[in-house]
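Data block below; observations after.
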Number of protein chains: 2
Amino acid sequence: MAMELDKLDRRILSVIQKDARRAAELIGADIGLSASAVQRRMARMRDEGVITAEVAVIDPKRAGHPLTMIVDVEVERERPELLASLKQWIAMEARIQEAWYVTGAGDYVLVVVARDVEDFEALMQRLVSDNANVRRFQTRVALSTLKRGMLIPMEPAD
Amino acid sequence: MAMELDKLDRRILSVIQKDARRAAELIGADIGLSASAVQRRMARMRDEGVITAEVAVIDPKRAGHPLTMIVDVEVERERPELLASLKQWIAMEARIQEAWYVTGAGDYVLVVVARDVEDFEALMQRLVSDNANVRRFQTRVALSTLKRGMLIPMEPAD
DNA sequence: GATGAAAAGCCGTAGTC
DNA sequence: GACTACGGCTTTTCATC
C-alpha cells in the first residue's frame, strides 16, 4: 500500500491533476506507454490512496459564493475535548473550505467562502457561540484570488 | 454565457465536485433526469465556465511534499509595476498552491507546499531576492490539515 | 511483476423527436 | 427533456518479456 512512485507514475499524475478527462491513450503517447498500462497505473494509484479523488472544479463566483475570507482563529488550548468538537464543527461547515492547525498563538487558519457579508457574519457568530474555546478571530477579506489549486509539484527527476 | 444555475444544475455540481467519475446515468437517477440531460447540462456548464476543470486530487504526502506553510507576505504598495511582476512570480512557482491579495497591511496570503524545510527556505529566499517590493514575510507551519478542498456550498433551495 | 495488443462492455456524444 | 445509434474510452483478458 505504500509503494514508491516511479517516473512514469509522476508524469501521469502531473497530467491528470490538471486534466482528469484526458484519455489514457493520449497520456501514454506523451510518456511512451500503452493506454492499458496508463490505466492500470491509475487504478493502482487510486487503490493506494495516491489519487485521493477526481473532482470537478467550480467557479465560486458563478456558484453564488463570490466572497473569500482568510480567518485566523485563536483558541484556548487547555481543554482537549473542546478542540475535538471544534474540529468536528469545522468539518461540518460547508463554507469552510480549508482549515489548518498552525504554529503560533493557538491558531487555526480557515479559508471560508460566502455568498455575502451577512452570510459570512452569521457563520462567524455561530463559530463563537458554538465553540466556547474560541477566544477571538481575525478576518482578512480576499480582494483578489491570484491562484487557486491543489497541484502538487512533480519533479521530473528520478 | 452568464446563465443562472437552476436546482438541477446545482445538484449535478454538488455530486461531481466530489466525484467527477460518477456516471451521468447514476447522477440522473438520483435527481430524476435522464443520462443525456445530465450530460448536456454538464457540457453547457463546461462551456459557460461554471465547471472550470476536472482534476485528480493527489495526496501531497504520498507525492513527496509533506509540508504545508501559510505565509503572510507584506509588500510595498508604491510601485504598481513591481506588484505585477510579483503576481507573475507567484503564478510561476509550482510550490505556491494558493495566493490571495487581502485586506490589511499590504499583505498576500500564500499556501505553500514543500518537500522539507530546506526546500521551503530556498523558495522564500528567492521570493525576497527576486522581488524588491517584498518587505517581510511571516511563516506559519501547518501542524495538521483538518480540511482541504474547493467544494462550493450548493444550497438545495431554488 | 509489468507490458502491449485485442476483445468486450460501458459511457459519453450527437442527432432526432 | 427523453430516446436511439454511434463512436470512443475504459476494462479485462491473454500472451509475452
Side-chain angles (χ1 to χ4, degrees), chain A residues 1-59 62-64 150-152 154-158, chain B residues 1-59 62-64 150-152 154-158:
Chain A
M1 211 204 187
M3 281 287 298
E4 273 309 300
L5 303 174
D6 68 10
K7 192 175 191 168
L8 292 169
D9 288 332
R10 285 199 295 271
R11 294 185 71 176
I12 292 169
L13 291 176
S14 81
V15 172
I16 63 171
Q17 79 178 144
K18 287 178 201 139
D19 179 12
R21 288 190 4 123
R22 188 169 178 84
E25 194 184 340
L26 295 176
I27 300 172
D30 284 345
I31 68 178
L33 224 53
S34 74
S36 43
V38 172
Q39 313 248 39
R40 251 194 309 267
R41 281 166 179 268
M42 285 175 59
R44 196 200 68 227
M45 292 191 283
R46 279 193 271 259
D47 280 349
E48 290 176 350
V50 176
I51 300 174
T52 301
E54 277 143 286
V55 303
V57 180
I58 313 296
D59 183 341
R62 295 297 191 81
M150 303 195 296
L151 266 70
I152 309 299
M154 292 285 156
E155 272 90 292
D158 208 3
Chain B
M1 214 206 186
M3 281 287 295
E4 273 309 301
L5 303 174
D6 68 12
K7 191 175 192 168
L8 292 169
D9 288 333
R10 285 198 295 270
R11 295 185 70 176
I12 293 169
L13 291 177
S14 81
V15 172
I16 63 172
Q17 77 178 145
K18 286 178 202 139
D19 180 12
R21 288 188 7 121
R22 188 169 178 84
E25 193 184 342
L26 294 177
I27 300 172
D30 284 344
I31 68 177
L33 223 54
S34 75
S36 46
V38 172
Q39 313 235 50
R40 208 176 310 112
R41 280 166 180 269
M42 285 176 59
R44 196 200 69 228
M45 291 191 283
R46 280 194 270 258
D47 280 349
E48 292 175 350
V50 177
I51 300 173
T52 301
E54 276 142 287
V55 303
V57 180
I58 313 296
D59 184 340
R62 296 296 192 85
M150 304 196 294
L151 266 70
I152 309 298
M154 292 285 156
E155 271 89 294
D158 206 5

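Below, chains carry the letters A, B, ... as their sequence lines are ordered, and counting in each starts from 1.
- Annotation: side chain of B/Val57 is not in contact with side chain of A/Ile51 (no heavy-atom distance under 4.5 Å).
- Separating the CD1 atom of B/Ile27 from the P atom of D/dA2 is a distance of 14 Å, rounded to the nearest angstrom.
- Taking A/Ser14 as the reference, A/Met154 meet the side-chain contact (heavy atoms from CB on, under 4.5 Å) condition, with sequence neighbours excluded.
- With contacts defined as side-chain heavy-atom distances shorter than 4.5 Å, the pair B/Arg62/A/Thr52 does not qualify.
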Does the protein touch nucleotides 8-17 of chain D at the base, only the backbone, or not at all? Give it as B, S and - per nucleotide, heavy atoms under 4.0 Å.
--BBBB----
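- Here C/dT3 presents its P atom at 15 Å from NZ of A/Lys7, a figure rounded to the nearest Å.
- Following rounding to the nearest Å, A/Arg44 (CZ) and C/dG1 (P) show an atom-to-atom distance of 13 Å.
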Solution key, residues 21-40 of chain A side-chain donor-acceptor pairs under 3.5 Å, sequence neighbours excluded:
from: A/Arg22; atom 1: NH2; to: A/Asp30; atom 2: OD2; distance (Å): 3.3
from: A/Ser34; atom 1: OG; to: A/Ser36; atom 2: OG; distance (Å): 3.3
from: A/Ser34; atom 1: OG; to: A/Ala37; atom 2: N; distance (Å): 3.2

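- Atoms CG (A/Leu33) and P (C/dG1) sit 18 Å apart, rounded to a whole Å.
- Residues that satisfy the side-chain hydrogen bond (donor to acceptor under 3.5 Å, both in side chains) test with B/Gln17, not counting sequence neighbours, are absent from this structure.
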Could you please spell out the steps behind the side chain to side chain contact (heavy atoms under 4.5 Å, CB included) verdict for A/Ile58 and B/Met45?
CA-CA 9 Å; A/Ile58 313 296; B/Met45 291 191 283; over 6 Å; no
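- Atom CG of A/Asp59 is separated from atom CE of B/Met150 by 11.0 Å, given to the nearest 0.5 angstrom.
- When rounded to the nearest whole Å, the span between CG of B/Asp47 and P of C/dT13 equals 11 Å.
- Axis angle between the ends of the helix from C/dG1-D/dC17 to C/dC17-D/dG1, five pairs each and rounded to 10 degrees, works out to 30°.
- Listed by chain and residue number, A/Arg41, A/Arg44 satisfy the side-chain hydrogen bond (donor to acceptor under 3.5 Å, both in side chains) test with A/Asp9 (two or more places apart in sequence, or in another chain).
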